[in-house]
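Structure record follows, encoded as structure tokens.
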Amino acid sequence: MSEKALSPAHHAILREHATERPVAPPLNAGRRAGDYHCAGCRALLYRSHTKYDSRSGWPSFWDAEPGAVATTTDTSLGMVRTEVHCATCNGHLGHIFPDGPAPTRARHCINGLALEFEAE
């Protein structure tokens with residue numbers, strides 16, 4: 001999806017750091033085999049074998065593809081969190097929390113609209 005093709009909802013999440021409401025995000029449910037790409041630039045971010053149901057209401061992954069994401073410290077909302085964004089286009093994806101499953105113990109809590117799914 002090119003920058004010009006971003007819907008207002010995609011733009012709010014990827015470029016303005018908005019967050020979707022839990023449970024409603026596309027791609028939250030299901031365990032189909034395939035790849036998850038950045039909705040802003042189509043870079044490969046996550047593979048389906050790292051997706052799991054965190055019961056958080058957002059698509060969750062225990063790891064990203066090597067070099068696909070970068071992080072910054074987010075101090076908004078009166079707390080310190082690790083923000084995760086696309087390493088290619090810097091689009092806001094979500095946050096990483098230290099309460100995920102083995103082997104990484106990380107929970108990449110990602111906005112569904114920040115992703116595009118490509119089935120195997």
Side-chain angles (χ1 to χ4, degrees):
M1 182 176 289
S2 71
E3 184 70 31
K4 291 180 183 175
L6 290 177
S7 71
H10 285 95
H11 188 272
I13 289 166
L14 290 164
R15 305 298 180 236
E16 297 172 5
H17 302 253
T19 299
E20 298 167 313
R21 292 179 179 258
V23 182
L27 306 176
N28 185 34
R31 294 290 315 256
R32 299 178 293 166
D35 299 328
Y36 293 84
H37 298 263
C38 175
C41 71
R42 293 286 301 146
L44 175 62
L45 302 174
Y46 298 96
R47 303 234 187 230
S48 59
H49 72 274
T50 65
K51 187 173 188 280
Y52 72 101
D53 183 4
S54 67
R55 299 180 191 264
S56 67
W58 289 277
S60 297
F61 303 85
W62 52 263
D63 205 3
E65 285 296 289
V69 301
T71 61
T72 56
T73 301
D74 175 2
T75 58
S76 66
L77 304 177
M79 62 183 96
V80 178
R81 300 178 294 173
T82 302
E83 180 183 340
V84 61
H85 49 90
C86 174
T88 302
C89 73
N90 205 36
H92 170 74
L93 303 174
H95 292 86
I96 300 175
F97 300 97
D99 59 0
T104 64
R105 300 286 181 214
R107 173 173 52 102
H108 292 234
C109 188
I110 308 300
N111 288 291
L113 284 176
L115 301 172
E116 289 184 352
F117 178 73
E118 183 178 305
E120 277 187 359

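Position 1 is the first residue of the sequence; numbering continues from there.
A tilted orientation is assigned to the rings of Phe117 and Tyr36, their planes being inclined by 30° to 60°.
Taking hydrophobic clusters as Ile, Leu, Val, Met, Phe, Trp and Tyr residues chained together by side-chain heavy-atom distances below 4.5 Å, Ile110 does not share a cluster with Trp62.
Side chains of His92 and Glu16: no donor on one and acceptor on the other come within 3.5 Å. With hydrogens and angles left out, the side-chain atoms of Arg81 and Thr73 include no donor and acceptor closer than 3.5 Å.
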Does His17 form a side chain to side chain contact (heavy atoms under 4.5 Å, CB included) with His85? I'd like the steps, not just the answer.
CA-CA 10 Å; His17 302 253; His85 49 90; over 6 Å; no
Can Cys89 and Arg15 be said to form a side chain to side chain contact (heavy atoms under 4.5 Å, CB included), step by step?
CA-CA 10 Å; Cys89 73; Arg15 305 298 180 236; 3.7 Å; yes
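In this structure, OG in Ser56 is found 5.0 Å from CZ in Arg107, a value given to the nearest 0.5 Å. The CD1 atom of Ile13 lies 4.5 Å from the CG atom of Asn111; values are rounded to the nearest 0.5 Å. How far SG of Cys38 is from CG of Leu44: 11.0 Å, rounded to the nearest 0.5 Å. Going from atom CH2 of Trp58 over to atom SG of Cys109 covers 5.5 Å, rounded to the nearest 0.5 Å. Within the model, atoms CG of Leu45 and CD of Glu116 stand 10.0 Å from one another, a figure rounded to the nearest 0.5 Å. Note that CG of Leu115 and CG of Leu93 are 6.5 Å apart. Values are rounded to the nearest 0.5 Å.
Taking the charged nitrogens against the carboxylate oxygens, Glu118 and Arg32 have no contact shorter than 4.0 Å, which rules out a salt bridge.
The heavy-atom pair separating Gly40 from Leu14 by the smallest distance is N-CD1, 3.6 Å.
Judged purely by atom type and a 3.5 angstrom limit, Thr50 uses its side chain to pair as donor or acceptor with the backbone of Asp63. When atom types are taken as modelled, the side chain of Asp53 and the backbone of Arg55 share a donor-acceptor pair closer than 3.5 angstrom.
With His95 as reference, Asp74 is the one residue of Thr82, Asp74, Thr19 to meet the side-chain hydrogen bond (donor to acceptor under 3.5 Å, both in side chains) rule.
Looking only at side-chain heavy atoms (C-beta outward), His108 and Tyr46 come within less than 4.5 Å of each other.
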